[in-house]
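Structure, as structure tokens:
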Amino acid sequence: MTLQSINIFGRRIITSMPDVRPENVKEDIAAIASKYGIEVVGFLGLDERTKIPAEEMGLLRGVKWKDSEVDVSKVHDPLDIMPAARTMIILGKRLLDDSQDIYYRASDDYTASVEMMLLDIASAKIVAGLKKGGFEAEEYTSYYLKAWAALAGLGWIGRSRMFVSKAHGPRLRLHGILTDADIGELHAVIPDDSCGRCTECMKACPAGAISGDEVDRKKCGACPLNHRKISENALAYCTACTASCPVGRPSRHEHAVQAVSRQQITP
Ligand code: SF4
Ligand code: SF4
């Protein structure tokens, strides 16, 4: 076997190409994510079996505005986008303050939150590192990332139809990357009845949009807490259901910090 050294993520690795050690690549990706404060990194193996299975289409309920139904024809198979893809990397950034999900209007067609900007930067760095290592890589942005995150075993789709991370509850913003690096695994899907008897988000919703395991997206969108103005270019989403979720709730110290930030920025 011929050993050679390659340069990936700025580090020389001795390898018998093409068998680059998956642990090294995963470690490098996790290190970049951590540098930008990304708390969750998942690796979902992709092959012809890794479509959102028909029996798991329920994961997508409440994703799309169409009388609560999902237009499944819009769910793209990642392999149609990158036929050689072997892995979907899923990055999750926790909301800095779950009582203030603020986004900024940079232009008429571009809005982003600080969390999404950090995900953008980390993702660009990871894609560049993978390409430098000889892999194919591209960002994967989809309306349906929460379903892929559930398939990656990172959490489940909760009663509020938000993605509920095992460690952070519904407080994550997600970003995806496709690559032909074979660093993913198949995971058991955590069922979307994992909220058990909890109904905190239902009780907290000021619009009465959450009932049972369905969400009325129109009622949610009409809630005055959604898209409320914070300053000239900053707006905020309603986070009543997010903040009420006991899964991954902030510590008392984090709550104290958030209370200060609320006093400073809430009009
Ligand atoms: S974001 Fe607000 S209005 Fe929408 S479902 Fe959650 S609590 Fe209800
Ligand atoms: S608040 Fe309770 S019911 Fe709602 S998503 Fe969180 S765990 Fe599930």
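Both counts, for ligands and for their atoms, begin at 1 and track the order of listing. Being a predicted model, the structure only gives us computed values, none of them experimental.
Annotation for ligand 2: atoms under 4.0 Å from non-hydrogen atoms of Cys245 are 1 (S), 6 (Fe), 7 (S).
Formation of a donor-acceptor pair under 3.5 Å by the Arg159 side chain with backbone atoms of Cys198 is found in this model. In terms of modelled atom types and a separation under 3.5 Å, the side chain of Thr87 and the main chain of Ile183 share a donor-acceptor contact. Remark: side-chain polar atoms of Lys93 are not paired, donor with acceptor, to backbone N or O of Met116 under 3.5 angstrom. Judged purely by atom type and a 3.5 angstrom limit, Asp101 has no side-chain atom pairing as donor or acceptor with the backbone of Leu95.
Ile210 is listed as a side-chain neighbour of Ser160, based on a closest heavy-atom distance under 4.5 Å.
With a cut-off of 2.8 Å, atom 2 (Fe) of ligand 2 has an N, O or S atom of Cys198 in range.
Between the OG atom in Ser211 and the NZ atom in Lys219 there is a gap of 7.0 Å [rounded to 0.5 Å].
Contact between Pro206 and ligand 1 is present, with at least one heavy atom of the residue lying under 4.0 Å from the ligand.
Figure legend: Lys125 and Tyr36 shown without cation-pi pairing, the cationic atom not lying both under 6.0 angstrom from the six-membered ring centre and within 45 degrees of its axis.
Counting only heavy atoms of the protein, atom 8 (Fe) of ligand 2 lies nearest to Cys195 SG, 2.3 Å. Among protein heavy atoms, atom 4 (Fe) of ligand 2 sits closest to Cys201 SG, 2.3 Å.
In terms of hydrophobic clustering, with Ile, Leu, Val, Met, Phe, Trp and Tyr side chains grouped at heavy-atom distances under 4.5 Å, Ile81 and Ile90 are assigned to a common cluster.
Counting only protein N, O or S atoms, the number found under 2.8 Å from atom 4 (Fe) of ligand 1 is 1.
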